[in-house]
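The structure under discussion appears below in the form of structure tokens.
As the structure is a computational prediction, the values presented were derived from the model and not from experiment. The sequence lines fix the lettering, A, B, ..., with proteins before strands; numbering per chain opens at 1.
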Number of protein chains: 2
Amino acid sequence: MSHARPTLTDVARAAGVSVSTASLAFSASGPIADSTRAKVLDAATELGYGGPNPAGRQLRSGRYDIVGVVIGDKLKRSFRDPVSVQVLDGLTSALGEADLGVLLVPGVESYVDGEIGVDPLLTSAGMDVAVLIWGAHTSDPRVETLRKRGIPIVVGEGNEVEGSSLVEIDDHGGVVATIEHLTGLGHERFVTITLPFRMGRREGWVDDARRELVDWTPTRHRLDAVLGSGVDLVGIYETEASLVENGAAAMRAILERFPDPATRPTAVVAQSDLLAAGAVLALHEAGLRVPEDMSVAGFDGLDLPWFSGELTTVIQPLEAKGREMGLAVRALLADGTVTRTTMPVELRIGTTTGPPPSAAAPRNS
Amino acid sequence: MSHARPTLTDVARAAGVSVSTASLAFSASGPIADSTRAKVLDAATELGYGGPNPAGRQLRSGRYDIVGVVIGDKLKRSFRDPVSVQVLDGLTSALGEADLGVLLVPGVESYVDGEIGVDPLLTSAGMDVAVLIWGAHTSDPRVETLRKRGIPIVVGEGNEVEGSSLVEIDDHGGVVATIEHLTGLGHERFVTITLPFRMGRREGWVDDARRELVDWTPTRHRLDAVLGSGVDLVGIYETEASLVENGAAAMRAILERFPDPATRPTAVVAQSDLLAAGAVLALHEAGLRVPEDMSVAGFDGLDLPWFSGELTTVIQPLEAKGREMGLAVRALLADGTVTRTTMPVELRIGTTTGPPPSAAAPRNS
DNA sequence: GAGGCCCCTCGAAACGTTTCGAGAGGCCTC
DNA sequence: GAGGCCTCTCGAAACGTTTCGAGGGGCCTC
């Protein structure tokens, strides 16, 4: 008796009220006299009652007040990436304001032979809405699972998924602005360093066949913007992860492939700031100057306190994007409103881009 | 009818079996003939049944299969800090392996006049165990709340909380090894840059009164190790957050307070790698060399790809610590076993520490 | 003083599942 | 051929809460 955890019924009995009244005292959702509430709360304290049992509440009300947040393929990668972290940050604060909890869900359990296993949490955990932070297509097995469970979805950076809310940024516009800035400076030969293409990651130069396999939306959008701009793109280097070391490795590969300064690409468009920063580091390592020998532009607008100089980059409102997703969740929860938002970006011109070397020191000198 | 979501009862009826048998087909926890299971599963697919309702399951079984992870005072800070991120990473993978979900819980809702408000999620969300990643004391209101709810606790880096599992690292040993390394090199005048002291954050030099107010366990352990080592500690600089910029600001304050190279401290013990890295950057900024003009040691063993050289630091097994917490959770869940673990650390001597300037260039030269 | 209205409290009915012990039926063994 | 055991299925009983409509009582107004 003293061992079993007290229930609302016990509290009600001790307070001398009905169970329904006791419930009201906690939920604050119905009319109740202050004196009655106090009586109930006192009885609760007396008995060591820790508040209504969530399971009971959830079952009866049909609400969990929990949002499942599906992050990249590995928790590790998502947490390491400041971009995801900032989005997550905006998202959690917007959800927290509505007293919604965030349940972390790994994206996929396994990736074997192209077969994607859905994480058990996605199939069994209680949640009112699911947020797919990084992309989804209609054929996505995760979408399939959620749809079957009747859980509404908010997608970040994905293809349009029927009946789901979508929040994305103007990737295309950002990259186009970058390219225009660079061509305006006189650049003619470009290389681009891309984010991972798809779940089956690899690192290296991209050929035509591989180019068709871009599956991850931001990668595709940003690559398409370069391809569509008509500039002379002499190479596409695909990375395994958006990290400094990957950017550095990419730059080393670029320098190795184009040893001759005369024919070397003069501008590098990296799809993320960390990749760009890594590229700059590798250039310095090789004794080259930025932007005198090569211009490097990034994407994200991260604040890199350790980076000397300032990256030319596309500032995307990461935290605001997260918040926007949170608002989309709340709209879905409030009245089922499906929304679609595109966040604007802004080109910031830093110290890592400048005129190409041929312009600064003409070939005939 | 076709509108309402089907329940297990509907599936059972459609499959021509009892509800309990249908339940067995999903839970895989009882004996059931393969043919029967197939029949149930087919009926489920037919009806578009997405699996057992979590609320029902939770209510009946009393298990949520969810672990509440309480992070620092602000989600933002935790996510920005690679240290937390790595711990979180290890924790989530260890929990994921047991199919336990991670519910993110902001530590406190508010901090006003020393009054700590507990986040509503802590009082109302369903969870089997709570993990306090960064510290707790017995009088902690969060501990109070959880105890009342009967939720077992795993604490990382905290005071011992009665009846809770604890996972910590050997802070003291790490700092002592650092100090010994530095005194061995001939250093005599030390400064230490500390992590935040407590929830009410401030930045600046620490006087005796403030020194009493250290509330955060790693900060206290590491500071006590310096104080107890008997070296000449000429200043304690407290930071507001463990970030590169805070370390740089601290170093600027140090250089300002000790303008004379002859009396300046020659060794800086920073309580984190980011602080140490920031300190090194600020030294370079001021035209000083590391370690020739000043030695800097950190703590954490982070991998900083952008840092030129290698930090002398104490390597703590962050991810392993997270995993260890996950194991503690599982032990608690399995049979209520309360554990207490101290993880070992290891001093790594890098390129940021060396003999003090007086030794390299004696005063009488 | 009576009628009406508002504020508060109450009882009953779900919400959908798992668990438990009982029991039916089939097969093996002696 | 009968007994026993094993495998599988079943029915009933919770699990603890919220919600809904009904209704009781007090106070204000006329």
Side-chain angles (χ1 to χ4, degrees), chain A residues 3-41 43-44 47-66 123-128 149-151, chain B residues 3-41 43-44 47-66 123-128 149-151:
Chain A
H3 207 75
R5 204 137 276 285
T7 75
L8 199 51
T9 311
D10 300 324
V11 174
R13 189 180 310 127
V17 300
S18 72
V19 183
S20 48
T21 301
S23 172
L24 257 26
F26 286 98
S27 74
S29 76
I32 186 173
D34 283 347
S35 61
T36 310
R37 162 178 291 122
K39 209 165 51 181
V40 174
L41 262 33
L47 293 177
Y49 179 72
N53 179 322
R57 171 163 35 87
Q58 289 165 1
L59 177 56
R60 169 63 227 210
S61 68
R63 278 196 57 157
Y64 296 94
D65 291 323
I66 285 184
T123 71
S124 68
M127 55 183 91
D128 299 320
R149 291 185 62 191
I151 297 174
Chain B
H3 207 77
R5 202 137 279 284
T7 75
L8 197 53
T9 310
D10 300 324
V11 174
R13 189 180 310 126
V17 300
S18 73
V19 183
S20 48
T21 301
S23 173
L24 256 26
F26 287 98
S27 75
S29 75
I32 186 173
D34 284 346
S35 61
T36 310
R37 161 177 291 122
K39 208 165 51 181
V40 174
L41 262 33
L47 293 177
Y49 178 73
N53 179 320
R57 171 163 35 87
Q58 289 166 1
L59 178 57
R60 169 64 227 209
S61 69
R63 277 196 58 159
Y64 296 93
D65 290 324
I66 284 184
T123 70
S124 68
M127 55 184 90
D128 299 321
R149 291 185 62 192
I151 297 174

Please list each protein N or O that sits under 3.5 Å from an N or O in nucleotides 21-25 of chain C, with the distance.
none

Evaluate the criterion side chain to side chain contact (heavy atoms under 4.5 Å, CB included) for residue pair B:T21 and B:I32; output intermediate values, then yes/no. CA-CA 8 Å; B:T21 301; B:I32 186 173; 4.1 Å; yes

- Message: Is there a side chain to side chain contact (heavy atoms under 4.5 Å, CB included) between A:Q58 and B:Q58? Walk through the geometry before answering.
- Response: CA-CA 9 Å; A:Q58 289 165 1; B:Q58 289 166 1; 2.8 Å; yes

Flag side-chain contact, heavy atom, 4.5 Å: A:P54 against B:R149: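 A:P54 vs B:R149: side chains touch.
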
| query | Taking it one step at a time, do B:R57 and B:S27 satisfy side chain to side chain contact (heavy atoms under 4.5 Å, CB included)? | reply | CA-CA 10 Å; B:R57 171 163 35 87; B:S27 75; over 6 Å; no

**Study point:** Counterpart residues, ring-ring contact (aromatic ring centres under 6.0 Å, His included), relative to A:Y64 (two or more places apart)
**Key:**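 Expected list: none.
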
Check the interface with nucleotides 12-18 of chain C: list each N/O to N/O pair with the protein under 3.5 Å, or write none.
{"unit_1": "C:dA14", "atom_1": "N3", "unit_2": "A:R60", "atom_2": "NH1", "d": "3.3"}
{"unit_1": "C:dC15", "atom_1": "O2", "unit_2": "A:R60", "atom_2": "N", "d": "3.4"}
{"unit_1": "C:dG16", "atom_1": "N2", "unit_2": "B:G56", "atom_2": "O", "d": "3.4"}
{"unit_1": "C:dT17", "atom_1": "OP1", "unit_2": "B:Y49", "atom_2": "OH", "d": "2.3"}
{"unit_1": "C:dT17", "atom_1": "OP1", "unit_2": "B:N53", "atom_2": "N", "d": "3.2"}
{"unit_1": "C:dT17", "atom_1": "OP2", "unit_2": "B:L8", "atom_2": "N", "d": "2.5"}
{"unit_1": "C:dT18", "atom_1": "OP2", "unit_2": "B:S23", "atom_2": "OG", "d": "2.4"}
{"unit_1": "C:dT18", "atom_1": "O2", "unit_2": "B:R60", "atom_2": "NE", "d": "3.2"}
{"unit_1": "C:dT18", "atom_1": "O2", "unit_2": "B:R60", "atom_2": "NH1", "d": "3.0"}

By the definition side-chain contact (heavy atoms from CB on, under 4.5 Å), identify the one residue from A:L41, A:L8, A:D10, A:V40 that meets it with A:Y49.
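Of the listed residues A:L41, A:L8, A:D10, A:V40, the side-chain contact (heavy atoms from CB on, under 4.5 Å) partner of A:Y49 is A:L8.
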
Strictly by modelled atom types, are B:S20 and B:S23 linked by a side-chain donor-acceptor pair under 3.5 Å?
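No pair is found: no donor N or O on one side chain lies under 3.5 Å from an acceptor on the other.
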
